[in-house]
2 protein chains.
Amino acid sequence: MTASIKDVARAAGVSPATVSRALGKGPVSEALRAQVMEAVRVTGYRPNLAARRLRSQESGTIGLILADIGNPFFTGVARAVEAAAYEAGLRVLLCNTDEDPEREASYLALMQEERVTGLILAPTRATADRLAEAPPAMPVVLIDRPGPAGLFDSVLLDNAAASAALVDHLVAQGYRRIAGLFGQTSGTGVERAEGYRATMARHGLAPSWRFVPPQAEAAEAGFAALSREGQPEAVLASNSLLLMGTLQAVRAKGLRIPADLALAGFDNEPWTGLVEPGVTVIEQPLAEIGRQAMALLFERLRAPDAPVRKVMLSGRAILRGSTAPRRVLASML
Amino acid sequence: MTASIKDVARAAGVSPATVSRALGKGPVSEALRAQVMEAVRVTGYRPNLAARRLRSQESGTIGLILADIGNPFFTGVARAVEAAAYEAGLRVLLCNTDEDPEREASYLALMQEERVTGLILAPTRATADRLAEAPPAMPVVLIDRPGPAGLFDSVLLDNAAASAALVDHLVAQGYRRIAGLFGQTSGTGVERAEGYRATMARHGLAPSWRFVPPQAEAAEAGFAALSREGQPEAVLASNSLLLMGTLQAVRAKGLRIPADLALAGFDNEPWTGLVEPGVTVIEQPLAEIGRQAMALLFERLRAPDAPVRKVMLSGRAILRGSTAPRRVLASML
DNA sequence: CTGAAAGCGCTTACAG
DNA sequence: CTGAAAGCGCTTACAG
């Protein structure tokens with residue numbers, strides 16, 4: 001089979017301990033180190049990580065559990081996490097739950113079995129609740145989605161402020177009947193819905209909203225349901241999948257944007273700037289979320305008993321044609 | 001720290017061997033199994049995968065090395081691979097190279113060190129070439145991109161046929177000056193370019209193309225370069241990032257599609273159907289690519305010496321407004 | 001069916 | 001700086 005450290009030792013005429021030291025940080029004379037390197041080359045030796053981890057009791061791995069690998073928000077965050085981990089000499093074990101609490105539980109168990117050094121997690125609401133009862137054995141940083149209050153370090157967007165900014169903008173542009181579609185599986189959806197409702201109330205407007213599964217098809221159905229309650233003048237969608245689904249529904253019904261319906265949402269994906277008109281969105285600082293999550297994790301590893309920290313990042317509104325000022329008269333074709 | 005199998009054995013009043021058997025497939029009496037399960041519950045025991053792998057000499061893991069986790073093509077394939085692996089009781093170790101041969105080499109080394117059971121890989125051209133000299137120690141299946149001929153199982157799109165279909169369609173719609181932008185890092189880009197050139201020749205048309213890095217920004221620059229050689233009537237882009245970059249360049253120049261320029265490319269991403277007009281694309285069977293890759297891997301594990309197999313899948317052309325028939329007269333605003 | 005023992009491939013005190 | 005020995009937490013022939 002594959003060469004082991006013993007084979008290398010034999011080829012180099014040294015002990016296995018010396019091979020281990022030469023490959024690691026131990027003190028070895030230059031002469032022996034060279035012999036060992038040559039023997040490594042000749043034998044094609046590759047260390048066995050399972051053995052190394054078992055012996056050293058260090059996995060050298062960060063776990064990253066995300067809700068949807070197909071969502072550019074999460075891939076953007078994953079990139080940043082991986083870059084920071086790589087710099088620190090750590091590996092990333094990436095898992096995708098598809099918003100399924102059962103898969104989340106299964107991956108949480110896996111992370112324990114892998115004895116990962118730390119865990120970065122974007123939990124569904126169901127898992128966020130359970131996290132308090134059965135906290136993982138390693139440090140955890142929550143990203144994008146809130147967990148049980150005060151128990152875990154977290155990096156979150158200021159969702160209430162972001163929703164408020166969108167509603168304020170729509171109101172300023174002349175829209176009043178503003179409806180909302182929010183993801184039902186995440187605490188983030190709840191926070192954005194709260195921000196929406198509070199801001200509508202502040203403006204003295206009646207809210208009209210639905211919680212739906214975070215998928216484009218669900219948004220189409222949700223939009224149809226909202227429309228049956230009275231055609232809205234504008235729709236706010238709490239993530240890019242819902243935004244896309246809403247746009248598809250709008251196109252299917254032949255509605256014009258923004259003349260018949262204004263549209264705003266979250267995540268500045270390339271397509272939101274390519275459709276006509278462009279869609280107004282809240283841009284999230286993906287890379288910063290990933291970096292901050294790793295920073296919190298490292299600090300937690302250094303100081304396990306430090307107080308729990310919550311990092312709140314602000315989104316940035318990107319205003320486009322989908323929320324142009326409302327024309328009260330019927331628009332002229 | 002965490003409980004080990006010894007702790008469970010002590011709590012259950014049995015030997016570690018019995019615990020191991022109760023948790024695995026070994027023969028254990030129902031009574032002892034129940035005792036063990038209760039002890040597992042009490043101690044909160046989770047098996048240590050590093051120890052299990054070291055002892056059993058089985059990683060239970062498939063490696064998946066992809067060129068770009070941000071490309072929906074690859075996330076789609078990854079989903080299918082993970083689903084098939086999960087069904088087989090295997091884990092997936094997912095790595096993202098960002099088209100960087102150095103990172104590819106580093107991840108190939110990692111896969112050896114993890115002793116993964118098998119490897120699914122979408123290599124850059126640079127790595128594909130090197131694969132012949134230093135073949136990995138485990139079975140390898142290439143996806144999306146060709147490798148050294150006849151050495152590895154592979155699942156590929158029929159790229160020449162797909163390019164030909166797009167060129168034939170453009171020609172049938174009345175376009176003649178058809179330019180091409182192709183990704184330079186992958187063998188796929190080369191195959192699509194070949195198909196483009198051969199089909200242009202078959203129609204007696206002069207080809208005009210550029211190889212560019214597979215990024216939207218590079219496509220904008222590449223499109224500018226092509227335009228300097230004479231404004232094309234149509235552009236073919238060999239993947240969705242290049243397609244998006246071309247569309248952005250077209251928008252920036254104020255060109256109308258298809259009146260000033262027809263556009264066609266690869267990958268049926270949602271945005272290609274949402275922009276106006278929709279963009280004609282070749283849809284790839286993402287899930288099928290992932291499934292076939294896993295199937296080839298399993299067969300290879302079962303029969304290491306079976307002949308090398310190459311699975312060729314066909315794309316499906318989705319025709320949209322971006323390639324509507326050419327109007328020879330200046331279009332009327 | 002069950003237990004005692006060996007050993008997977010490493011790293012790391014312990015001596016020298 | 002170097003080597004012999006122990007041991008990380010499991011699984012698996014080997015006996016019984």
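Just so you know, these numbers use all the heavy atoms, side chains as well, and skip hydrogens, waters and symmetry mates. Numbers restart at 1 for each chain; the letters A, B, ... are given by sequence-line order, proteins then strands. Treat the numbers as computed from the prediction; the structure is a model and nothing was measured.
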A.B. asks: To the nearest angstrom, how far is A:L49 atom CG from C:dC8 atom C1'?
C.D. replies: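 Rounded to the whole Å, the gap is 15 Å.
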A.B. asks: Protein within reach of the bases, or only the backbone? For nucleotides 11-16 of chain C, mark each nucleotide 5' to 3' as B, S or -, using heavy atoms under 4.0 Å.
C.D. replies: BBB---
A.B. asks: Does B:D129 have any salt bridge (charged side-chain N to carboxylate O under 4.0 Å, His left out) partners at least two apart in sequence or in another chain, and if so, which?
C.D. replies: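 Salt bridge (charged side-chain N to carboxylate O under 4.0 Å, His left out) check on B:D129 returns nothing, list empty.
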A.B. asks: When the distance from CD of A:E114 to C1' of D:dG9 is rounded to whole Å, what number comes out?
C.D. replies: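 Result: 14 Å.
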A.B. asks: Please check: side-chain N/O of A:T188 versus main-chain N/O of A:S186, any donor-acceptor pairing under 3.5 Å?
C.D. replies: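 Between the backbone of A:S186 and the side chain of A:T188 there is no qualifying donor-acceptor contact (under 3.5 Å).
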A.B. asks: Looking at residues at least two apart in the chain, or sitting in another chain, which of them share a side chain to side chain contact (heavy atoms under 4.5 Å, CB included) with B:P136?
C.D. replies: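 So B:P136 forms a side chain to side chain contact (heavy atoms under 4.5 Å, CB included) with B:L108, B:Q112, B:L119, B:L131, B:M138, B:V140, B:F152.
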A.B. asks: Might you point out which heavy atoms bring A:V92 and A:A85 nearest each other, and give the distance in Å?
C.D. replies: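 What the structure gives for the nearest pair is CG2-CB, 3.5 Å.
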A.B. asks: For C:dT12 versus C:dG16, give the span between their C1' atoms, rounded off to a whole number of Å.
C.D. replies: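 Comparing C1' positions in C:dT12 and C:dG16 gives a spacing of 16 Å.
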A.B. asks: Closest approach of A:P47 and A:R52, non-hydrogen atoms and distance?
C.D. replies: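 Answer, listing the atom of A:P47 first, then A:R52: CB-NH2, 3.4 Å.
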A.B. asks: Report yes if a side-chain nitrogen or oxygen of B:S29 is closer than 4.0 Å to either non-bridging phosphate oxygen (OP1 or OP2) of C:dC1; otherwise report no.
C.D. replies: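 No.
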A.B. asks: Rounded to the Å, how far apart are A:Q112 CD and D:dC10 P?
C.D. replies: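 One finds 13 Å between P of D:dC10 and CD of A:Q112, rounded.
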A.B. asks: Do B:T124 and B:E104 meet the criterion of a side-chain donor-acceptor pair at a distance under 3.5 Å?
C.D. replies: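 A pair is found: one side chain offers a donor N or O, the other an acceptor, under 3.5 Å apart.
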A.B. asks: In whole angstrom, what separates A:D7's CG from C:dC10's C1'?
C.D. replies: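 Result: 13 Å.
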A.B. asks: Of the nucleotides D:dG3, C:dC10, C:dT2, which one has an atom closest to the side chain of A:N48?
C.D. replies: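 In terms of side-chain proximity for A:N48, the closest of D:dG3, C:dC10, C:dT2 is C:dC10.
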